[in-house]
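Source: prediction; values computed, not measured. Residue numbers start from 1 in every chain, and the chains themselves are labelled A, B, ... in the order their sequence lines are given, proteins ahead of strands.
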There are 2 protein chains.
Amino acid sequence: MVGDDLDTRILDAAKRCCEQWGVAKVTIDDIVAASGASRATIYRLFPGGKDVLFEALRVRELTDFFDVLTAAVSAGGDGDGEPDDVESLIVRLVTTATAELRNDQHLAIMLATAPGETLGQLTVEGLPRIIRVAADYLVPLVKPHIEPLDPALLIDLLVRLTISYFLAPSDLVDLGDPRSARAVLRPALHAYLNGHPTAC
Amino acid sequence: MVGDDLDTRILDAAKRCCEQWGVAKVTIDDIVAASGASRATIYRLFPGGKDVLFEALRVRELTDFFDVLTAAVSAGGDGDGEPDDVESLIVRLVTTATAELRNDQHLAIMLATAPGETLGQLTVEGLPRIIRVAADYLVPLVKPHIEPLDPALLIDLLVRLTISYFLAPSDLVDLGDPRSARAVLRPALHAYLNGHPTAC
DNA sequence: GACGCTGAGACGGTTTTCGTCTTATCGTCT
DNA sequence: AGACGATAAGACGAAAACCGTCTCAGCGTC
């Protein structure tokens, strides 16, 4: 932790400050105090101040998330020689992502201490980026299985569903459970693959 | 909750703000927004601003605490006709107070989100007031049993012990457990009653 | 209708925060 | 050793946030 890069140290400090006070209440000086870096250094590494810094933090959190997700999904291929069918791949993506969200300590704290800010990042301002990064990571994974259809649309849909069921769990569906996830996704997925993208 | 007194509404709002951001980061405008009261009203009810307001909040929390404590201890008198011996009374006080501290949701949140501030209120700046209020409530309870000794000294001691064991539980003592509490308190109590206030 | 209480918010003064800049220190490379 | 880049510390003026007070309008009560 101590020997990390300077920018990592600063982002970690910003993350801690965030958890304590919420983005809105954190000042650059708080991050200076928490990171041990000097004000000048912070502005050199993140020119633009708080906005740029927290933007960088969000990007890092997001890529970390998808690094873990893709690693877990790739490693978890059952036989790991023969690729599974699309449906199994999708189910594994969704269930793993759901589990990762539910285990995310930082996210839980942020939702508890600054629900407004955090919900915004998950559902409004932040959603386009989430979908973009998700596409970067996951399109290559699913594309070979569903060509020639557009994989980006599928990912877009899955991201929205996963986040919605994470934020507001349903009595009828549990996307953390492979059985339930498969039951929900199968019809939509087949419709999609047969050229009838789900209504909406 | 809505029909409460204005000052109660404002103090409740201040409490919520506190839990979210810690006293240091809360502004009058935050409390205005959270309470629905206007800035003018807040300054009229708490002339002096944030300091006075949070002071009032601490006093309220404190008196609430001891209201609950004395009610529980009084009601919990085993036969409730014949008064117990001093030792049993003291043990009941300490165990009940410990349980109340451990169940205090607000206190737990404050200790988690603003440990520095909160610890200060429990151990340094705030301790004199805690002891003073404790004395107001508890001296009448114990005085009849230990006259002609000074009950204030005993209360002072018990407050400090209870807070210390709450903040830093020991492997050897559990002041939430009557058996353990009695074992710890009996020797000190007897020494005190026999005119040898515990060394220190 | 007069009166008191309250919410809304304007206002100037103060404090905090920002973003830049300078200086001193430290480690590294030559 | 000496030059150099990176960094911590913190000074500085400008901008923003915050404070405490004040006015005013709305609303219920007498």
Side-chain angles (χ1 to χ4, degrees), chain A residues 1-60 110 113-118 120-121 125, chain B residues 1-60 110 113-118 120-121 125:
Chain A
M1 168 90 68
V2 178
D4 280 344
D5 279 354
L6 201 48
D7 56 349
T8 301
R9 223 177 70 205
I10 293 171
L11 289 182
D12 287 341
K15 188 173 165 182
R16 285 195 301 276
C17 290
C18 242
E19 292 179 351
Q20 266 201 22
W21 302 310
V23 181
K25 292 280 186 179
V26 175
T27 69
I28 293 285
D29 286 317
D30 289 331
I31 300 174
V32 167
S35 68
S38 87
R39 163 184 300 278
T41 305
I42 291 181
Y43 276 100
R44 189 175 49 81
L45 294 181
F46 303 96
K50 231 174 69 173
D51 291 346
V52 173
L53 199 159
F54 279 112
E55 195 62 16
L57 178 57
R58 292 193 198 97
V59 169
R60 191 189 72 170
M110 294 304 298
T113 63
E117 287 169 5
T118 313
Q121 283 304 316
E125 304 99 45
Chain B
M1 169 92 62
V2 178
D4 280 345
D5 278 355
L6 201 47
D7 57 349
T8 301
R9 222 176 73 203
I10 292 171
L11 289 182
D12 286 341
K15 188 172 165 183
R16 286 195 302 275
C17 290
C18 241
E19 293 180 351
Q20 266 200 22
W21 302 310
V23 181
K25 292 277 186 180
V26 174
T27 69
I28 293 286
D29 286 318
D30 289 330
I31 301 175
V32 167
S35 68
S38 86
R39 163 185 300 279
T41 304
I42 291 181
Y43 277 99
R44 188 174 49 81
L45 293 181
F46 304 96
K50 230 174 71 173
D51 292 345
V52 172
L53 199 160
F54 279 112
E55 194 64 16
L57 178 58
R58 292 192 198 98
V59 169
R60 192 190 72 169
M110 293 305 297
T113 62
E117 287 169 3
T118 313
Q121 284 303 317
E125 306 97 46

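- A:A37 comes within 4.0 angstrom of sugar-phosphate atoms only, judged by non-hydrogen atoms across all strands, and of no base.
- We find that OH of B:Y43 is positioned 15 Å from P of C:dG7, with the value rounded to whole Å.
- Along DNA chain D, the nucleotide nearest to B:K50 and the one nearest to B:A40 differ in position, and the one closer to the 5' end is contacted by B:K50.
- Separating the CG atom of A:D51 from the C1' atom of C:dT17 is a distance of 14 Å, rounded to the nearest angstrom.
- Counting to the nearest Å, the C1' atom of D:dA6 and the CG atom of A:D7 are 14 Å from each other.
- Salt bridge status for A:R58 with A:E55: present, with a side-chain N to carboxylate O gap under 4.0 Å.
- Using a 4.5 Å heavy-atom threshold, the side chains of A:K25 and A:D30 count as separate.
- Rounded to whole Å, atom P of D:dA6 lies 17 Å from atom CD1 of A:I42.
- Side-chain contact check for A:I42 versus A:K50: every heavy-atom pair is 4.5 Å or farther apart.
- Side-chain atoms of A:R39 come within donor-acceptor range of the base of C:dG19, with a qualifying N/O pair under 3.5 Å.
- Separating the CD1 atom of A:I31 from the C1' atom of D:dA8 is a distance of 17 Å, rounded to the nearest angstrom.
- Dashed line: the shortest gap from a side-chain N or O of A:S38 to OP1 or OP2 of D:dA9 is not under 4.0 Å.
- Following rounding to the nearest Å, B:I28 (CD1) and D:dA17 (C1') show an atom-to-atom distance of 14 Å.
- C:dC18 atom P lies 8 Å from atom CG of A:D30, rounded to whole Å.
- For the pair A:W21 CH2 and D:dA17 P, the computed distance is 19 Å after rounding to whole Å.
- Looking at heavy atoms from C-beta onward, B:R9 lies in side-chain contact with B:L6 at the 4.5 angstrom threshold.
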